[in-house]
Protein chains: 2
Amino acid sequence: MLAELITIGDEILIGQIIDSNSAWMATELNKIGIKVKQITSVSDDAEHIIEALKNAEDRADIILVTGGLGPTKDDITKKTMAQYFKSKSFVLHEPTLKVVNDIFKRYNAPLLEVNKQQALVPDNCEVLLNDQGTAPSMLFRKDKKIFISMPGVPYEMMNLMTSKVIPFIKKEFNLPAVYHRTILTAGVGESFLAEKLADIEDSLPNYIKLAYLPKLGSVRLRLSTKEHATDEIKNEVQAYISKIIDLIPEYWVAKEDIPIEKAILNLMEANKLTLSVAESCTGGFISQLITQHPGCSSVFTGGGIVYSYELKTKLLGVKKETLEKFGAVSEETITEMVLGALTNFNSDYAIAVSGIAGPDGGMPDKPVGTVWIGVGNREKTVVKKFNFGNKRLQNIERSSIAALNLLFRLLKEFNAES
Amino acid sequence: MLAELITIGDEILIGQIIDSNSAWMATELNKIGIKVKQITSVSDDAEHIIEALKNAEDRADIILVTGGLGPTKDDITKKTMAQYFKSKSFVLHEPTLKVVNDIFKRYNAPLLEVNKQQALVPDNCEVLLNDQGTAPSMLFRKDKKIFISMPGVPYEMMNLMTSKVIPFIKKEFNLPAVYHRTILTAGVGESFLAEKLADIEDSLPNYIKLAYLPKLGSVRLRLSTKEHATDEIKNEVQAYISKIIDLIPEYWVAKEDIPIEKAILNLMEANKLTLSVAESCTGGFISQLITQHPGCSSVFTGGGIVYSYELKTKLLGVKKETLEKFGAVSEETITEMVLGALTNFNSDYAIAVSGIAGPDGGMPDKPVGTVWIGVGNREKTVVKKFNFGNKRLQNIERSSIAALNLLFRLLKEFNAES
C-alpha cells in the first residue's frame, strides 16, 4: 500500500514556507503501515497540478493533496481537481457553509461572497467535513485509487487527518492493526543508544521493528509490528519495551509518545508538585513548551523571563555583586536564579537557564553557545554547563530540552527516594 | 529559467526529517530570479531517482539534487547519477581526498576504505569542491541542462550553494535581476485584503505579480517582477507598494519581509524604547518570538509568565480584589497587568495577555477562546477582547500575533505624534 503527498502552492516553491505538513503526514501514514513513495511540491498552476496527480496516480494507491484551497484567485486546487476528475458542476455543501458562517460570526468578520463559495464542491466528490476552517476536504475515487485534498493550514490538515482521513483509509483498505510502542529518551545520542541496544535489536523477531527517531536533544525509540498484532505479539512488544528500559535507566523519560515536558507535567501532577521557571537565554521557549499542554496550570505557576540584569535582580533576587563579579552566564548566577525562582515564584521545583545564545556576545572564556542550566527543589540544586554551538535557535531549543531533562532526572531521584 | 529540487533519502519520506533544505534553496534561487518549478522527495531507490531526474529534466533547466551521498550502502546517489549520465568510470578527485584526509585527521578518526571512496567521482562530471565534508558536489551537463548533486547535510549544502552553485548559475545563464518587495500586514484576513486591493491587482501590468502569503494572524503581500527589473520597473513596483500601503493604513506593519515582532524590535530600537511582557495564556509564546531575534536585548527587558493568580499579584501587583471580583480574564485585570508590567519590569511599553486558551476552563460568559489583550505606555493603555476559537495552540499563536499588532498600532500612534 503506497501513498504520495502533493503539496500545492507557490509559498513552498519560493521558500517562504517550509513543508512541515508532509513530514507529519508521512509519520501518521507510517504508523498505519502505509509507505510514502514520493512527496511532490508543485506551483499553483493547473497544468502542473494535473501532471503531478497523473504521475502520482501511476505510482501510488492513495494520493493526499494539501494546499491551494483558500478563497483567493491564486488558489486553484478545487477547480483543478474538478477538471481532473471530470466533475459536471459545483454543488453547495450545507454543513461546510454552516462552518463558514460560524467562523465569520465568531470573528465578527464580514462574510464575503468569496467566503461563501468555499462551501461549493465538485458534484462527484465526497466531502470530509473540515470543522476548523472554511475549506472542505474532498475525496475522489478513480480506478481504485483514492485522492483526498485538504487545506494546507497545519492544524486544519492535522485535524482532518486524525479524525477523518486516517480512519477512512484504515477502513477502506482493511489495513492490519499495526501496534506501536514508543520510549522517549533524552540527553543521549542515537548512535550511543544503538550500541547499547544492539543485542536486543539483533534478537527482535522479523515481525517487530525498532526505529530510532532523533529530534533535538531527544531520541524516540519506536517498536512496531509489521503485520496484524495479536495479543500475544502485543505482549511480546511490551516485554521488549521493559528490556530496553532496563538497559537505559538513566536515559529513558517516558514509555509513551509524548514530549519531555509532558512527561514532566504528568509526573509532577501525580505527585502534586509545582514548577516555575527563570529563563534568560531561552527567552520563554521552555514556558511555551510547557503551556502548550492543556491542564498545565495545575503544575506550572509561571516564572520570569529575565533578559536584563535588572530583572534578574528584581524578580529573582540575584545579587548585583554576583552579576558583576561572575557575569550573568555563570555557576554562581544560575544557582541564585534557581533559588530565587523557588522562593519568589513559590514552587516546589524550578528551572533556570542563562547563556549566550548568539550569534554575538561571546567572550574568550565564554564562547557563544555557553549555557548554564540549573534545576532545583528546596533540598537540592543541580547546575551544569553546556555548549550547543553557535546557532541561536538551535541553542535555545537544545538548552530548553537539556533543562527539561535535568529537571526530569532530579524529579526521578526524589520520586525514587520518597 | 526554471529549476527543480530533488531530495533523496528515506528519512524525509518516513517523516523523520522535515525538508528545510528545499525552502532555503528555493529562497536563494528566487533571489537570483530562478523559479523553482517543483520540489520532489524520493527514496534511496535507483529506479525512482532516475525517474525523478528524467521528469525534472523535461520541465526545468537546472536540477539540484541533495542527499544520498554518504559512505554507507543505502547512499546510492553517486552511482545512480553515473548511470543516468552514462559515465564510463570513476576517477579519484585529489582535492576531495585531501579534504577527507584532513577531516579524519582533525577528529582523530581511523580513515576507512569507504571514506576514501568518497573522493571517487564519475569521469564526466565537474567537481564543486565541498570543503566542509567528505561528499563532493558533482555537476553534470546534458542537452543544455545543468544537474548539480550536493550532500543533504544542511551546512554543507548551504556552503556549497553560496560559494559555488549560485555564482556558477548566475554566470552560466547570464540571469535577469528579478525584483521582490514585501509588505507585512496584521490583524486582517487574506480575503478582506484581496477585496480592498482588487482594483490595484487588476491594474497591475503583466510583468508585476501580487501574491498573498497568509500565516497565522498576518498576511504578507509580495510584489514580484516576472522579468528583468529595470530601474523604471523597480520604481513602478515601489509606486504600487505606496498605493497599497495607502489603502490599508491600519493593517500594514512593515515594508520588508520580516515577522511582526521584528518590525516592532526595529521600530523600538530606532526610538530607544524598551518592552516587557506579562503573559498568562500565551505562556511565553510572545517572549520566545521576540527572543528568537539576535540583538533583541536592547529592547526587550523580559517579563513575567504569570500563570497563577499568585504570580499575577506578586509580579504585577494585580489586586486580589480585582481577580476575585472580575476574574483573571477581564478588562480590569488586563489593565492592571499592563500597568504592573510597565512599573515592575520598568519598560517604556508593555504587553499583557490573559485568556482561556482551552480546551477546558470556559464559562458561560467567558467561553474558551476569550482573550483579553492589553498594551500600554506611561500615557495610554489600550485593552481589547478577542475570541480565537477553541484550539489551544491556535489560540496561543493568534493571541500573540494580535497582541503584537496592538502594540505596533500604539507605537505607530505615538511615533506619528512625536
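All chains are named by letter (A, B, ...) in the order of the sequence lines, taking the proteins before the strands, and each is independently numbered beginning at 1. Just so you know, these numbers use all the heavy atoms, side chains as well, and skip hydrogens, waters and symmetry mates.
- Looking at A/Phe285, both its backbone and its side chain come within 4.5 Å of chain B, counting heavy atoms on both sides.
- Only the side chain of B/Leu315 has a heavy atom closer than 4.5 Å to any heavy atom of chain A.
- Note that OG1 of A/Thr40 and CD1 of B/Ile6 are 10.5 Å apart. Values are rounded to the nearest 0.5 Å.
- The line from CZ of A/Arg220 to CG of A/Asp257 is 5.0 Å long, rounded to the nearest 0.5 Å.
- Judged purely by atom type and a 3.5 angstrom limit, A/Arg392 uses its side chain to pair as donor or acceptor with the backbone of A/Gly358.
- Interface remark: B/Lys37 contributes backbone and side-chain atoms alike to the contact with chain A (heavy atom separation under 4.5 Å).
- Highest contact tally toward chain B, considering only A/Ile12, A/Leu289, A/Ile286, A/Asn346, is held by A/Asn346 [criterion: heavy-atom pairs under 4.5 Å].
- Listed by sequence position, A/Ala26, A/Thr27, A/Asn30 are the residues of residues 25-34 of chain A in contact with chain B, using a 4.5 angstrom heavy-atom cutoff.
- Contacts of A/Pro71 with chain B are made by side-chain atoms alone, with heavy-atom separations under 4.5 Å and no backbone atom involved.
- Within the 4.5 angstrom heavy-atom criterion, no atom of A/Asn108 approaches chain B.
- Between the side chain of A/Asn130 and the backbone N or O of A/Ala135 there is at least one donor-acceptor pair closer than 3.5 Å.
- With rounding to the nearest 0.5 Å, the separation of CG in A/Asp75 from CG in A/Asp44 is 6.5 Å.
- Put simply, of A/Leu393, A/Val153, A/Val114, A/Thr274, the one with the most heavy-atom pairs under 4.5 Å next to chain B is A/Leu393.
- For chain B, the option among A/Gln132, A/Glu51, A/Gln292, A/His48 with the highest count of heavy-atom pairs below 4.5 Å is A/His48.
- At a 4.5 Å heavy-atom cutoff, A/Lys35 makes no contact with chain B through either its backbone or its side chain.
- Not a single donor-acceptor pair under 3.5 Å links the side chain of A/Thr282 to the backbone N or O of A/Ser400.
- The residues B/Lys209 and A/Asp10 are annotated as salt-bridged, a charged nitrogen and a carboxylate oxygen being separated by less than 4.0 angstrom.
- Proximity to chain B (any heavy atom under 4.5 Å) is shown, for A/Val42, by both the backbone and the side chain.
- Of the listed residues (A/Ser41, A/Gly15, A/Ser22, A/Ser280), the one with the most heavy-atom contacts under 4.5 Å to chain B is A/Ser41.
- B/Tyr212 and B/Glu201 share a side-chain donor-acceptor pair at under 3.5 Å.
- At a threshold of 4.0 Å, the pair A/Asp58-A/Lys54 counts as salt-bridged, since one of the basic side-chain nitrogens sits closer than that to a carboxylate oxygen.
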Please output the side-chain donor-acceptor pairs of residues 295-305 of chain B that fall under 3.5 Å, not counting sequence neighbours, one pair per line with the distance.
residue: B/Ser298; atom: OG; partner: B/Glu269; partner atom: OE2; Å: 3.3
residue: B/Ser298; atom: OG; partner: B/Gly295; partner atom: O; Å: 3.3
residue: B/Thr301; atom: OG1; partner: B/Leu275; partner atom: O; Å: 3.3

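- Distance alone, capped at 3.5 Å, is enough to place a donor-acceptor pair between the A/Gln118 side chain and the A/Leu69 backbone.
- For the atom pair A/Thr291 OG1 and B/Tyr307 OH, the distance stands at 4.5 Å (nearest 0.5 Å).
- Heavy atoms of B/Asn395 lying under 4.5 Å from chain A are absent altogether.
- For B/Glu11, no part lies near chain A; criterion is any non-hydrogen pair under 4.5 Å.
- No part of A/Glu279 comes within reach of chain B, as not one of its non-hydrogen atoms sits under 4.5 angstrom from that chain.
- Only the side chain of A/Leu311 comes within less than 4.5 Å of a heavy atom in chain B; its backbone stays farther off.
- Among the candidates A/Lys314, A/Gln16, A/Glu310, the residue making the largest number of heavy-atom pairs closer than 4.5 Å to chain B is A/Gln16.
- By the 4.5 Å heavy-atom criterion applied to side chains, A/Asn21 and A/Leu5 are not counted as neighbours.
- Contact annotation for A/Leu112: only side-chain heavy atoms (C-beta onward) come within less than 4.5 Å of a heavy atom of chain B.
- With a 4.5 Å cut-off on non-hydrogen atoms, A/Asp360 does not touch chain B at all.
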